[in-house]
Amino acid sequence: MRRPALVLMAGLFLFTQSALPYILHLTSSGAPIKRPDYANVQMYLNQDFAPGFTNSDGNVVITQDSDVMGALNAAIAAWNSIPTTAAQFAPIQTTAQPNGPNVIVMSDTPAIRSMLGPALFALTTLTVSGTTVLNSQIVFNPVLAFSSTGAPNTHDLQATFTKQLGNALGLANSGVIGASLFIFSGNDETHERNLSPDDVAGVSGLYPASGSSVYGTLGGALTLNGSPLRNALVSAVDTGSGTALATLTSPIDGTWSMAAPAGNYLVYAQPLVTDPNSQFGQVIVPYYVGVSQSNQIDTNFQGTFIGGDGSGTTVPVNPGASSDASFSPDPPNGNAPTSLLLVNAVPVGAAAPSTVSVTPAPVTLVSGQPYDILIQGIGIDSTINDSNIQIIGPLVLRTGSTNADKGFPLNFNGVNYPIVRFTVDIPPVNAQSYATLIVTNNGNFASYTGGIVILPPTQ
């Protein structure tokens, strides 16, 4: 009997598990889903998806000066330029069909409004039979504003296309905050146009190019008292380049595996928080990375570095070789979890922002100039000094700059959490780069894995 097809939605909510270095859709048996047409994926742009598209409320959704086709072609070029994958998109074609296999659509219907809600930029649906992706569809939100020109208070078309094309290939949302495939992005944000190392590792691992690989394998098992820790977030950051990767442990046996570029990696595990009332105890919660709360999610451990601390124990990875990074995290120690609820940046000496968001989002900085970084959250307090802060990547903490800023305390559950402020210097970089911020306190830590995006100096 033919197995029924399953429809997965890759956007704000995903139904995923993973044991790979990026987060993929897996079947219940643990096998990743794949496109049989991965070497020549033909996508179709609906002809109504055009500059000046106006929704049923009379609002212009795509600005008149936008180059929709140019933005889409640039997003396709980003994926097609990866030398380590066999996945390729064919030149885009247009269609009059408002829906159907591999169609990219902007349409205003009650069904689409209901599916995307008021805030989700776009959503990719995958129709799957067994482990085979039968077709995909990318739907944009008709109540939001988009442009390709950086118009104020719009969402960037190219960045949004880039993320959704990755979802169409079978990749799910990333656990690396600065990745193109991370769940959140803000207005006027364009850094997702450029694929992060985690995005590249994802498509290269799912559809590897023929020949020798530049990747090695980093993996192992995550256990506590001999029992597997399932659906735990494992991150690995190369202490030299700042390359950041993240995955989930197997929902069956707690194993995990990463295809990682050569380097020396700081490896750490963190639980996904399942209680909505305590989700501020971690940066990444289940639905960010597409895990349903009905799945087995082990949370009976505290965030732990391999080797027991974050002071420099690393695991080497070499091309074509496997490196074992099995470890057992620490059980909960009773201290309040450390959580970065707010990470922001301002010019050195500028006032703290007057508003705060508890949604994790990347911080984008231009290299070649200094910034003050502001952090805030549970366990982030006035005792934090330079020794509590670790930055991996092309940022340099200015010695003696760390202090508690009294400008705008965050009130959560009746408690005020101060801003901690420190200065970083950023040497010029030639290409978009990433840094990870780790803050330790009271035996716990929080990480913004790959969450600081560093851009080349402006011309």
Gap between atom [atom2] of [Y] and atom [atom1] of [X] - 0.5 Å precision:
X	Y	atom1	atom2	result
Ser81	Ile76	OG	CD1	12.0 Å
Thr162	Leu157	OG1	CG	10.5 Å
Met43	Gln137	CE	CD	9.0 Å
Leu123	Met115	CG	CE	5.5 Å
Gln432	Arg193	CD	CZ	10.5 Å

Test item: [X] side-chain N/O and [Y] main-chain N/O as donor-acceptor pair under 3.5 Å:
X	Y	answer
Asp372	Ala350	no
Asp199	Ser180	yes
Ser114	Ala111	no
Asn73	Met69	yes
Ser66	Ile62	no
Tyr207	Leu169	yes
Gln88	Asn80	yes

What verdict does the side-chain contact (heavy atoms from CB on, under 4.5 Å) test give for Trp256 and Leu218, after you've listed the backbone C-alpha separation in whole Å, the side-chain angles of each residue and the deciding distance to 0.1 Å? CA-CA 8 Å; Trp256 59 278; Leu218 177 63; 4.0 Å; yes
Check the pair Ile438 / Leu266 against side-chain contact (heavy atoms from CB on, under 4.5 Å), numbers first and verdict last. CA-CA 11 Å; Ile438 296 172; Leu266 182 69; 3.8 Å; yes
Are Tyr268 and Phe445, when compared by the centres of their aromatic rings, separated by less than 6.0 Å? yes
When the ring centroid of Phe146 is compared with that of Phe140, is the distance short of 6.0 Å? yes
Just checking, any donor-acceptor pair under 3.5 angstrom between side chains of [X] and [Y]?
X	Y	answer
Ser136	Asn102	yes
Glu189	Thr364	yes
Ser447	Gln270	yes
Ser148	Asp67	no
Ser185	Glu192	yes
Thr132	Ser129	no
Gln164	Thr124	yes
Thr63	Asp65	yes

Set out, in order, the CA-CA distance, both residues' side-chain angles and the distance that settles side-chain contact (heavy atoms from CB on, under 4.5 Å) for Ile82 and Val203, then state yes or no. CA-CA 9 Å; Ile82 302 171; Val203 71; 3.6 Å; yes
Side chains of [X] and [Y]: closer than 4.5 Å at any heavy-atom pair?
X	Y	result
Tyr371	Ile426	yes
Leu229	Thr223	no
Val234	Thr249	yes
Ile452	Leu437	yes
Leu165	Ile138	yes
Asn344	Ile419	no
Tyr215	Pro261	yes
Leu171	Leu181	yes

Determine, stepwise, if the pair Ser174 / Asp198 fulfils side-chain hydrogen bond (donor to acceptor under 3.5 Å, both in side chains). CA-CA 8 Å; Ser174 177; Asp198 191 64; 2.7 Å; yes
Have a look at Asp108 and tell me which of Asn55, Asp48, Thr54, Val61 forms a side-chain contact (heavy atoms from CB on, under 4.5 Å) with it.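 That would be Asn55.
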Report the relative orientation of the aromatic rings in Phe49 and Phe161; use parallel for angles under 30°, tilted for 30 to 60°, perpendicular for over 60°. tilted
Heavy-atom count check: over 12 atoms from other residues, nucleotides or ligands less than 6.0 Å from Asp57 CG? yes
Ignoring hydrogens, what is the shortest heavy-atom contact between Ala435 and Ile391? Give both atom names and the distance.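 Closest pair (atom of Ala435, atom of Ile391, distance): CB-CG2, 4.4 Å.
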Where do Val363 and Val453 land on the side-chain contact (heavy atoms from CB on, under 4.5 Å) test, with the steps shown first? CA-CA 6 Å; Val363 172; Val453 182; over 6 Å; no
Evaluate the side-chain hydrogen bond (donor to acceptor under 3.5 Å, both in side chains) criterion for residues Asn99 and Gln97: first the C-alpha distance (whole Å), next the side-chain angles of each, then the deciding distance (0.1 Å), finally the verdict. CA-CA 5 Å; Asn99 52 55; Gln97 297 299 318; over 6 Å; no
